[in-house]
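Reviewing the structure listed below.
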Amino acid sequence: TCDPEYYKWNQWLFLKMLEKGIAYKKTQVVNWDPVDQTVLANEQVIDGRGWRSGAPVEKREIPGYYMGITQYADELLDCVSNKLTGWPASVRAMQANWIGKSVGVRFAFPHRIMDAAGKLVGEGKLFVFTTRADTIMGVTFCAVAPEHPLAAVAAARDAKVAAFIADTQHGTVMEADMATMEKKGVATGLFVTHPLTGDKVEVWVGNYVLMTYGDGAVMGVPGHDERDFAFAKKYDLPIKQVIALAKPYSTDAWQSHYGDYGTCIEAGPMNGMDYAAAIDFVAAQTASHGGQKKTQYRLRDWGISRQRYWGTPIPIIHCKDCGDVPVPYEDLPVVLPQDLIPDGSGNPLKKDAAFLNCSCPTCGKPATRETDTMDTFVDSSWYYMRYTSPNNASDYHDKMVGAGNDYWMPMDQYIGGITHAVLHLLYARFWTKVMRDLGMLKFDEPFTNLLCQGMVLNHIYSRKTDKGGIEYFPPADVETIPATTGKPAMYRLKSDGCTVDYGGVGTMSKSKLNGVDPQDMIDHYGADAARLFVMFASPPEQTIEWSSAGVEGTQRYLRRLWNFAHGLQAGMHNAGAVNTALLDVAAKKLRREIHATLKQASYDYTRLQYNTVVSACMKMLNALEENRAGSPAVLREGLMILLRVLYPACPHITWQIWNDLGCHAEFGDLLDAPWPEPDPAALEQDEIEMVVQVNGKLRGQIRVPKDAAKEAIEKLALNDEGVKRHTEGKPVKKLIVVPGKLINVVV
RNA sequence: GCCGGGAUGGCGGAACUGGUAGACGCACGGGACUCAAAAUCCCGCGGUAGCAAUACCGUGCCGGUUCGAUUCCGGCUCUCGGCACCA
């Protein structure tokens, strides 16, 4: 993110997007940290304070630049459902939920409510969005978000409403917590008109209505909506059933089937209509006041402005006369000063005169540069495409990607953390579609197959600071005093001996200081052993709790491999190729084992289950060691297979052994060696071991010739000692033979 | 609350389309080598009973389908991750 080259492309594309209306500037009310002087994300707000500085959060109106990702919501969702078949189902579900498409009707309740200045609020229309317009005749109230303009009007007239709104500003903002929150509200004394019946409907302020979704207002249908039902019960509002239901209905308690679809009843002109007819009717009836069918998304546009100095400068110049003027293309890139020292109080660019002051490109008068920089997700949305043609001309703005991109992209296999399931992976997809629409790419989706490695968890230790923030400590700095009877475990910081709070295990993160530096393990055990250990720990998609227990085992394995290979070295050089005609029973058996294990390992590689590839390598070495006195040709073949299978995990030691054995002279560098193929002839067996069950329980094992007739196998099975013991005196009802595997005798 | 995973020995985990549950490793126990230790090698290692052969039980819980279920179906519990009270 410090490379001026990348700045240039980011800035160039940003200006293109401004021209096309995909990027735009908007002023929004945000959570503002007055100490860090930065916009806070919701999760950075704890109890109304910023989690880093611990200072009370301010609500501020801040201008920022936004990317119109919602313009692409439909296509992004469509591709999730139909194109991204190489992605994990969980990530596809997360993206679909994040986009959150709902289809319904947006319409207005007309009113004559004036604000303090005597102006009609919202031009006399209270807009709401609903997916259940068919229940419109069941409306008994309306509810608006605490931030809604009508709420402000009511608050100015009524202290009770003002107090309620102030109350909702405290407490959590995490939406998952809100899901279990009690539904509360206050009547405003303001009334709007039902667009179909003309009835007066009272407006309430409700803590369960979100200003950020739709118009920040809902129609209240307690008869068929669970939240509205709970709200109506609490405040004694009428509840009306207006949909015919298959199961009984009562207003005593909410039942999940109250939300089912059905035909309209008690609904005047809508009686007897089904859902489709009803929403058409409502859209038509409300059209004169702006009502229409609408698709609403949960996805919001991507705010890219950051109040910090690292990242790509947003290429805009603010002029008193000309307004916000884009930096001319030929002046790109706008680069950052390299000598700034952040002092913890806001963006240092704001104090850097050399960066800040410039002249307006339009009128030439003194002007100032935009000091916000771009979100680093901008860079991660496309950098990999530049890698495919890094030397593409950089003097032309539209050459940010080149011919290499047409060849390499879309990416066959992307491996990334599940932590990026939504944001990064959605932004990168969006960015791809924007570049495509600008004629720079020929594909719709950047990543064909996605593997999300699971998260690595570690213990979390923290303390509350005086300011109300949280200070974290690395697990290595904390000692545990184990629990004894009657006393829970205690945790102390080694440096000062005082207790710290234990937060359980959680995702390793920079802020929680619970990450582990692999360098310690590499220093102790070597890079190959560290790599092998991590691969062996679990399948990559699984979440794991970090533990270094067992790394000695992988180091021991590599030492055994080294010793085995070098112990055989002398005999290996003259071993020659395997002559299958001359092999004894033991050599055949070893060869079969190596090739069967190779087959399994190859399959596990393709299904990305690397932990069992490692165990396959361990099995191969075990088999080779057991036969260390056997045929040198077979041993050499086996070891060469093992080295190639192990190579991706342990490139250093396998490469060295390969050379020490002289394989490089004969077969070329290990780097260029092809993946070994199992020899079908090696897998063939003259005799097969089969398992015999009686009533599904294992009772014996038999060896049969590989082409034995079914009758012969059955006879052998029934004569097995263990089988006889369990079938004696009982007539055999049925015999099931699974070729090459087992026989089940049913008695 | 909703969505998506997961649950198998003391631990990490294996079992590819229903067919020998516990591969491979860690830890542990016993032994060999050694003056001793480290390193290395060998043996054992789900539970219960038994000297043993062996028998019974056993993949979160309850039930079903099947000759046979860790695997399929129905209903739960716990847990991890994500989230959206989304109208």
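Fair warning: this is a prediction, and the values are worked out from it, not measured in the lab. Protein chains get the first letters and strands the later ones, always in sequence-line order, with residue 1 at the start of each.
Partners of A:Tyr647 by side chain to side chain donor-acceptor pair (under 3.5 Å), not counting sequence neighbours: none found. By the side chain to side chain donor-acceptor pair (under 3.5 Å) test, A:Trp302 is found to be paired with A:Asp375, residues two or more places apart in sequence or in another chain being considered. Contacts of A:Glu541 classified as side chain to side chain contact (heavy atoms under 4.5 Å, CB included), with partners at least two apart in sequence or in another chain: A:Pro88, A:Leu451. When the side chain to side chain donor-acceptor pair (under 3.5 Å) test is applied to A:Arg725, no partner is found at least two apart in sequence or on another chain. Listed by chain and residue number, nothing satisfies the side chain to side chain donor-acceptor pair (under 3.5 Å) test with A:Ser547 (two or more places apart in sequence, or in another chain).
Taking the six-membered ring where the residue is Trp, the centroids of A:Tyr610 and A:Phe536 are separated by 6.0 Å or more. Centroid-to-centroid, the aromatic rings of A:Phe231 and A:Tyr208 come within less than 6.0 Å.
With a glycosidic angle no further than 90° from 0, B:G9 counts as syn.
Between the side chain of A:Asn695 and the backbone N or O of A:Val747 there is at least one donor-acceptor pair closer than 3.5 Å.
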Nucleotide by nucleotide, 5' to 3', does protein get under 4.0 Å of the base (B), only the sugar-phosphate (S), or neither (-) in nucleotides 69-78 of chain B, counting heavy atoms? ----------
In B/S/- notation (B base, S sugar-phosphate only, - none; protein heavy atoms under 4.0 Å), nucleotides 38-56 of chain B written 5' to 3' is -SSS------------SSS
Once each nucleotide of nucleotides 4-9 of chain B is scored for protein heavy atoms under 4.0 Å, what B/S/- sequence comes out, 5' to 3'? S-----
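A stem is defined here as three or more consecutive Watson-Crick or G-U pairs, each with both distances under 3.5 Å; for RNA chain B these stems are B:1-7 with B:77-83, B:10-12 with B:24-26, B:28-32 with B:40-44, B:46-49 with B:54-57, B:60-64 with B:72-76.
Looking at A:Thr286, A:Thr295, A:Asp215 one by one, the single match for side chain to side chain donor-acceptor pair (under 3.5 Å) with A:Arg106 turns out to be A:Asp215.
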Side chains of residues 731-738 of chain A: which donor-acceptor pairs under 3.5 Å do they make with residues two or more places apart or in other chains?
none

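Taking 4.0 Å as the cut-off between side-chain N and carboxylate O, A:Arg132 and A:Asp225 do not count as a salt-bridged pair.
Using a 4.0 Å cut-off on heavy atoms, the residues of residues 528-538 of chain A that approach RNA chain B are A:Phe536, A:Ala537, A:Ser538, listed by number. Of the residues in residues 736-747 of chain A, those lying under 4.0 Å from RNA chain B by heavy-atom distance are A:Ile736, A:Val738, A:Lys741, A:Leu742, A:Asn744, A:Val746.
Between A:Cys79 and A:Arg429, the shortest heavy-atom contact is CB-NH2, 3.4 Å. Summarising the geometry of A:Gly700 relative to A:Asp720, their closest heavy-atom pair is CA-OD2, 3.6 Å, with the distance given to 0.1 Å.
Ranking B:C3, B:A14, B:C86 by closeness to the A:Tyr213 side chain, first place goes to B:C86.
Geometric assessment of A:Arg298 against the ring of A:Trp98 yields a positive cation-pi assignment under the 6.0 Å and 45° thresholds.
Both A:Val103 and A:Met618 sit near RNA chain B, but only A:Met618 has its closest nucleotide nearer the 5' end.
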